[in-house]
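Reading through the structure tokens given below for one structure.
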Amino acid sequence: LKISTLLLVVLSAISCTQKEAKVVDNVIIDTLQIFPFKMPIEKPNIPLSASSERMFNYPTPRVQDNELFSQFKYTRLNGFDYNNGDGTISRRDPSRPILVNDTYYVWYTKRHTVVPPIGWNRAAEATDVIPSTDWDLCDIWYATSKDGVTWEEKGVAISRPEKLKSGWRSVATPDILVWKNKYYLYYQAFDEPSGLKGDLCPVSISYADSPDGPWIHGGDKVIPFGKEGEWDYKATHDPQPIVHDGKIYVYYKAAYNKWPDNRTNYAVGHGLAIAEDPLGPYKKHYLNPVMQSGHETTYWPYKGGVATLAIKDGNERETIQYAEDGVNFKIASSVSLTPSAAAPFVADAFTDTKDGRGFTWGLSHFINAGTPGKGYSILGRFDCDLSLDYDEPAFK
Ligand code: AAL
């Protein structure tokens, strides 16, 4: 073993001298032209396999050096009651937390119903008190924390409006924007039990002078649906605003082949809608969908562009991607055990930064906690090192 190790070191050292490889009939005959012992930073001038070629498409060939790579660890939150896990209380799809003075605020979907959800495939049996899905018959609640681990639930921020107003059936999946000293909540507004004809809903906005409210209704259907036959027809989910280039960039999700009729062909795309004012009008980017993998939206200012965490769906599920223009994303890393509905604490999400710094923690949700038939979701915290200001090694 020792001799072979020695030989490898000697061979590798020689190979670093970067001689031209000799190729005869497509066979490399000079075995000294093997890949260098130390992983190169620059692409070596030798014949490369497809995998070796690809490693130079990433921000750095060594994943340890890649600032857009991280592992994730998870922590339980204190302060939320779940009725002993009987499925009648659920919290999911948190907004990104924001820091106001010395207090973190978060908004989320809360369901408190007499029974657990009966399932999207039985949506026709849902009633005014029986939910179809985990996000049916919900309101938007909020909580505060000093440390991001122990939270105090403060109460409802946006409740379902009266019947037939947009969102009367359920309001869910909020996210926050801070713009010119005002707070804007973007959220999904359902007019029927989710699952009846699909997961169909537009986006509404409410705004307030204080994160404690009161919230004033600011508009419905703010992100226009696609036309019939288009990818985002009747579904605009997971609205997530950031400030970029002096404008409001809202990333949102829609599902192709809407369920329940075509669930087996289900796929997810993300679009971008841009506005000068939080209340709109919003113009959709002509290259939508800008992302063809992922599920809930997680986009953040990173250096001069925008980075995203794509989870759960699509060929590029479990990747972090980057786009200088916020539109044309390229894979920067592959990641695992990623947070669902990840809502990072991004200190510069709304500052129109040209040097986005990333984040080290956030909230996410964990679905289908509890026994089958009593499914509900819980909120949790994740920690990671996706910040340029954080020096911990990527591998622990
Ligand atoms: C989530 C989100 C949206 C969907 C539903 C609740 O994962 O994508 O919010 O509508 O599921």
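Whatever order the structure lists them in is the order used to number ligands and atoms, beginning at 1. Residues: numbered from 1 along the sequence shown. Note that this is a predicted model, so its numbers are computed, not measured. We use all heavy atoms of the structure for the numbers below, so side chains are in, but hydrogens, waters and symmetry mates are not.
- Here the options are Phe80, Trp141, Tyr187, the test is ring pair (Phe, Tyr, Trp, His ring centres under 6.0 Å), and the partner is Tyr108; only Phe80 passes.
- Judged by a 6.0 Å distance limit and a 45° cone about the ring axis, Arg92 is not positioned over the six-membered ring of Tyr376.
- Of the protein's non-hydrogen atoms, Gln188 OE1, 3.3 Å is the one closest to atom 3 (C) of ligand 1.
- Of all the atoms in ligand 1, the ones that sit under 4.0 Å from a non-hydrogen atom of Thr173 are 3 (C), 6 (C), 9 (O).
- Closest approach of Gly375 and Pro117 over heavy atoms only: O-CD, 3.6 Å.
- Geometrically, Arg381 engages Trp361 in a cation-pi contact defined by less than 6.0 Å to the ring centre and at most 45° from the axis.
- For Asn315, the CG atom sits in a loose shell: 12 or fewer heavy atoms of surrounding residues, nucleotides or ligands are nearer than 6.0 Å.
- Counting heavy atoms under 4.0 Å from ligand 1, residue Thr109 does not touch it at all.
- Of all atoms in ligand 1, listed by their number and element, those nearer than 4.0 Å to a heavy atom of Asp238 are 2 (C), 3 (C), 8 (O).
- Hydrophobic clustering keeps Leu137 apart from Phe190 (ILVMFWY residues linked when any side-chain heavy atoms are closer than 4.5 Å, directly or through intermediates).
- Within the listing of ligand 1, atoms 7 (O), 8 (O) sit less than 4.0 angstrom from a heavy atom of His295.
- For Lys354, the NZ atom counts as densely surrounded, since its 6.0 Å shell holds more than 12 non-hydrogen atoms of other residues, nucleotides or ligands.
- Within ligand 1, counting atoms from 1 as listed, the ones closer than 4.0 Å to a heavy atom of Lys253 are 2 (C), 4 (C), 8 (O).
- Protein heavy atom in closest approach to atom 11 (O) of ligand 1: Arg92 NH2, 3.4 Å.
- Less than 4.0 angstrom separates some heavy atom of Glu296 from each of these atoms of ligand 1: 1 (C), 2 (C), 7 (O), 8 (O).
- Proximity to Asp199 (heavy-atom distance under 4.0 Å) selects the following atoms of ligand 1: 4 (C), 5 (C), 10 (O).
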